[in-house]
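A short write-up of the structure that comes next.
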4 protein chains.
Amino acid sequence: MAKKKGQKFEQIIDAAVKVIAENGYHHSQVSKIAREAGVADGTIYLYFKNKEDILISLFEEKMGSFVIRSKERLASETSVEQKLKLLIEMHLKQLEADYDLAIVTQLELRQSNLALRSRINEVLKGYLGLIDSILAEGMEKGFFSPDLDRRMARQVIFGAIDEVVTNWVMKDHKYELVPLADSLNQMLLTGLRKA
Amino acid sequence: MAKKKGQKFEQIIDAAVKVIAENGYHHSQVSKIAREAGVADGTIYLYFKNKEDILISLFEEKMGSFVIRSKERLASETSVEQKLKLLIEMHLKQLEADYDLAIVTQLELRQSNLALRSRINEVLKGYLGLIDSILAEGMEKGFFSPDLDRRMARQVIFGAIDEVVTNWVMKDHKYELVPLADSLNQMLLTGLRKA
Amino acid sequence: MAKKKGQKFEQIIDAAVKVIAENGYHHSQVSKIAREAGVADGTIYLYFKNKEDILISLFEEKMGSFVIRSKERLASETSVEQKLKLLIEMHLKQLEADYDLAIVTQLELRQSNLALRSRINEVLKGYLGLIDSILAEGMEKGFFSPDLDRRMARQVIFGAIDEVVTNWVMKDHKYELVPLADSLNQMLLTGLRKA
Amino acid sequence: MAKKKGQKFEQIIDAAVKVIAENGYHHSQVSKIAREAGVADGTIYLYFKNKEDILISLFEEKMGSFVIRSKERLASETSVEQKLKLLIEMHLKQLEADYDLAIVTQLELRQSNLALRSRINEVLKGYLGLIDSILAEGMEKGFFSPDLDRRMARQVIFGAIDEVVTNWVMKDHKYELVPLADSLNQMLLTGLRKA
DNA sequence: AATGAATGAGTTTTCATTCAT
DNA sequence: GATGAATGAAAACTCATTCAT
């Protein structure tokens, strides 16, 4: 069955990102992905349980490594303010660097059914946990108010970043994304209101 | 063809919301919607161009009337701060009052393909314009900073509200939504950072 | 039920010829014919039993009047040779004068199912009888050989004329049809072989 | 896609001839053809682009091989008169030997739409070319008149044979077809008129 | 491990026809 | 007689998945 890892596993994931970004999820037949990956249709099923499993594996793979990289990078930072800014920057940088991946995560992955979305959320937990730990540290250090609603804060941060990226994708990445990090960070930290 | 309005038009829209919320978009066959609406399958096509058109019409209908109601309500409010709070409240109230509709807009509608999403965005423009006008007024009145990035502010506001609602839906509306409006409004206005 | 004759009956027949010639039989919905005829869909069914009945009635109407006219015209002719030539000429003239009708009889009418084709053949019998009477007279008068196979001769004459007309229609009536009558007549009378 | 040739390709063609002859084109569901061929519905689409493609492929296959056989056979014949007679004989023999095929070519194939008929004519060109070459040779050798209208002669020959076969089919092949070849040939060569 | 030919379930949409007004 | 809104049956085609080689 699914033998995670292996050269072909990566090949298929990468082919899937490309094919789905180009054709959209519903026009990305398994056979098309197989052709792009240079393997036979049946081979897909040696590495993935089914078509959905490609999508979720793709997300796990890309998001997983992103969370690991982010954790490492944030560890070397002491200031809470810097940590949040850095996280936003890394988020934007990762997707700006791989537009195909951005299309898949921001648009195509959402076309999946409810069951799949639950599994996606499972993967997202790692990322949301990262945000949460920054919030917890900030509250402890007195950088954030002690009665901050952490769940809501997490949702606001994620919702805002996500919306910014989605807009960038839907506008055909016509402008640069990473430069927005600072202003987005400020807006989240100090709000819209004039000081 | 599409004879917008008429009793049957409404009947079918309402049936679609119910059926899609219960079964998910991909398991909501036209015949199932027709049965729920108490009309023949073919009748659907006297009022809608195709199955997708039901979905987009549904959104236009519900979102359109929401925007109109919001506009009227906001007009009677003078304070910018109150306006934003009111908008958030109305947004949350509308979806909390109709959980089926919330499921459809937050989950099922997003499973649509790119072409459909473009049309959805078209409808959303009315709502985003509402946010924008509040921001513009706030900047003029000095409530918001004069160098506020309005596009980003709009995305942050919408992304945050949307994420809050989606989480509520995915948590099976186990908690109350409207009470979150105030805290969400505060977070958007003053940010996460301790004053 | 079917109230043959009446102004609307003619209107619908003429609309059908036009619509079918323009759109082809399978794209000529009853509603399209009704619109062209300036009547409601349901009105069609006051004059015709069903859609097929329009087609067969159309053919009966047009072919019937053609056979009557031909009979009258041939009666005033005494020479067998002239009669055959005249029949061919009238056949070609009738269809050259009404290209829409030619499209319908040569192409669209043949797309009908077997049951309908039987009824068409019924109508054709009048025409084939006309050919037959010329052949009988010719044999009696010694113009044709006494051991001529009349059934086959009838098929050869009809098949040849029909094929000539069909070719003309399929070549978008780019050349004139009636001028071919004489040469076609000669070929049928004296054959291909050099005298 | 269309993997022309292969055992299944033939199987499906033969099943289609049988099913269409029995039920008529419009009542020959793809699933019915598949069942008769002993393959799954989907398999049809590995060998044919769509349902129409079965029909046209069937005609190409059967007509194509007939033209090739005819060409070979005619090559060994020197007399023009014999060649024409032989061609007629082979035409009648081929269809008399396969009544199902005759039903399909004479009746069902004509129920196809205009687009398909164009493709059928394309296939027919090979056969008409065969007739044409006999005519050309005959004119050269002085067997036919030098001012014979070749296009019309071709239409007369084809139209006559075709009509004879169609009548035979519509009369439920109650009589023998091949014995008519000689008399048909004579009629085409020397015409109806008494010498 | 890899292949790819074969499978067959599943659904939107059209349009001839009806019938209450 | 005339209307036209409503009906509902009917079928081609796709594509994820399997399994013999």
Side-chain angles (χ1 to χ4, degrees), chain A residues 1 3 6-9 12 26-35 37-54, chain B residues 1 3 6-9 11-12 26-35 37-54, chain C residues 1 3 6-9 26-35 37-54, chain D residues 1 3 6-9 12 26-35 37-54:
Chain A
M1 200 181 314
K3 201 182 78 163
Q7 192 206 335
K8 295 226 164 125
F9 180 81
I12 294 166
H26 286 300
H27 291 105
S28 295
Q29 296 84 344
V30 171
S31 62
K32 213 182 255 177
I33 295 173
R35 203 180 320 126
V39 300
D41 292 16
T43 305
I44 299 269
Y45 292 85
L46 297 175
Y47 292 88
F48 301 89
K49 220 164 74 240
N50 50 39
K51 190 185 175 186
E52 268 192 359
D53 193 37
I54 304 177
Chain B
M1 197 180 317
K3 229 180 47 169
Q7 192 205 338
K8 295 245 161 93
F9 180 81
Q11 261 176 51
I12 295 166
H26 288 300
H27 291 105
S28 296
Q29 295 85 341
V30 171
S31 60
K32 216 181 258 177
I33 296 174
R35 202 178 323 125
V39 300
D41 292 15
T43 305
I44 299 269
Y45 293 86
L46 296 176
Y47 293 88
F48 302 90
K49 224 167 66 237
N50 50 38
K51 192 184 170 186
E52 263 194 1
D53 193 39
I54 305 177
Chain C
M1 200 183 316
K3 200 181 81 163
Q7 191 205 339
K8 294 225 166 128
F9 180 81
H26 287 300
H27 292 105
S28 296
Q29 296 83 343
V30 170
S31 62
K32 213 181 257 177
I33 295 174
R35 201 178 323 125
V39 302
D41 292 16
T43 305
I44 299 268
Y45 291 86
L46 297 175
Y47 292 89
F48 302 89
K49 218 164 72 240
N50 51 37
K51 191 184 173 186
E52 266 191 0
D53 192 39
I54 305 178
Chain D
M1 199 180 317
K3 227 180 51 167
Q7 194 206 332
K8 295 248 162 88
F9 180 80
I12 295 166
H26 287 300
H27 291 105
S28 296
Q29 295 86 340
V30 170
S31 61
K32 215 181 257 178
I33 296 174
R35 202 178 322 124
V39 300
D41 292 18
T43 304
I44 300 270
Y45 293 88
L46 295 176
Y47 293 89
F48 302 90
K49 226 166 65 239
N50 50 39
K51 192 184 172 187
E52 264 193 0
D53 193 38
I54 305 178

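The analysis underlying the following values was restricted to heavy atoms, covering all of them including side chains, and did not include hydrogens, waters or symmetry mates.
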Choose from dA6(E), dG4(E), dG8(E) the nucleotide whose nearest atom is closest to any side-chain atom of Lys8(D). dA6(E)

When rounded to the nearest 0.5 angstrom, what distance separates CD1 in Ile33(B) from CD in Gln11(B)? 13.5 Å

Measure from CD1 on Ile44(B) to C1' on dT11(E) and round the result to the nearest Å. 14 Å

Have a look at Lys32(D) and say if it touches a base, only the backbone sugar-phosphate, or nothing, with a 4.0 Å heavy-atom cut-off. nothing

Mate of dA1(E) across any strand shown (Watson-Crick or G-U wobble, both atom pairs under 3.5 Å) is none

Quickly work out the Gln7(C) CD to dG1(F) P distance and round it to whole Å. 14 Å

Sugar-phosphate atoms are those with a prime plus P, OP1 and OP2; base atoms are the rest. Using that split, label each nucleotide of nucleotides 13-21 of chain E B, S or - for protein heavy atoms under 4.0 Å, 5' to 3'. BBSSBB---

Only pairs with both distances under 3.5 Å count, Watson-Crick or wobble alike; so what is the partner of dT13(E) in this structure? dA10(F)

Tyr47(B) OH to dT7(F) C1': how many Å, rounded? 13 Å

Rounded to the nearest Å, what distance is computed from the CD1 atom of residue Ile54(B) to the P atom of nucleotide dT11(E)? 15 Å

Phe48(A) CZ to dA2(E) P: how many Å, rounded? 12 Å

In whole angstrom, give the distance that lies between atom CG of Asp53(D) and atom P of dA12(F). 14 Å

Could you tell me whether a side-chain N or O of Lys32(A) sits under 3.5 Å from a main-chain N or O of His27(A), the two making a donor and an acceptor? yes

For dA20(E), give its Watson-Crick or G-U wobble partner with both distances under 3.5 Å, or none. dT3(F)

To the nearest Å, how far apart are Ile33(A) CD1 and dC15(F) P? 12 Å

Proximity to the side chain of Leu46(A) - top-ranked nucleotide from dT3(F), dG8(F), dA2(E): dA2(E)

Quickly work out the Arg35(B) CZ to dT11(E) C1' distance and round it to whole Å. 13 Å

Hey, could you give me the NZ/CD1 distance between Lys49(C) and Ile54(C), rounded to the nearest 0.5 Å? 12.0 Å

Check the orientation of Tyr47(B) and Phe9(B). Use parallel for under 30°, tilted for 30 to 60°, and perpendicular for over 60°. tilted

How long is the straight-line distance from OH of Tyr45(D) back to CG of Asp41(D), given to the nearest 0.5 Å? 8.0 Å

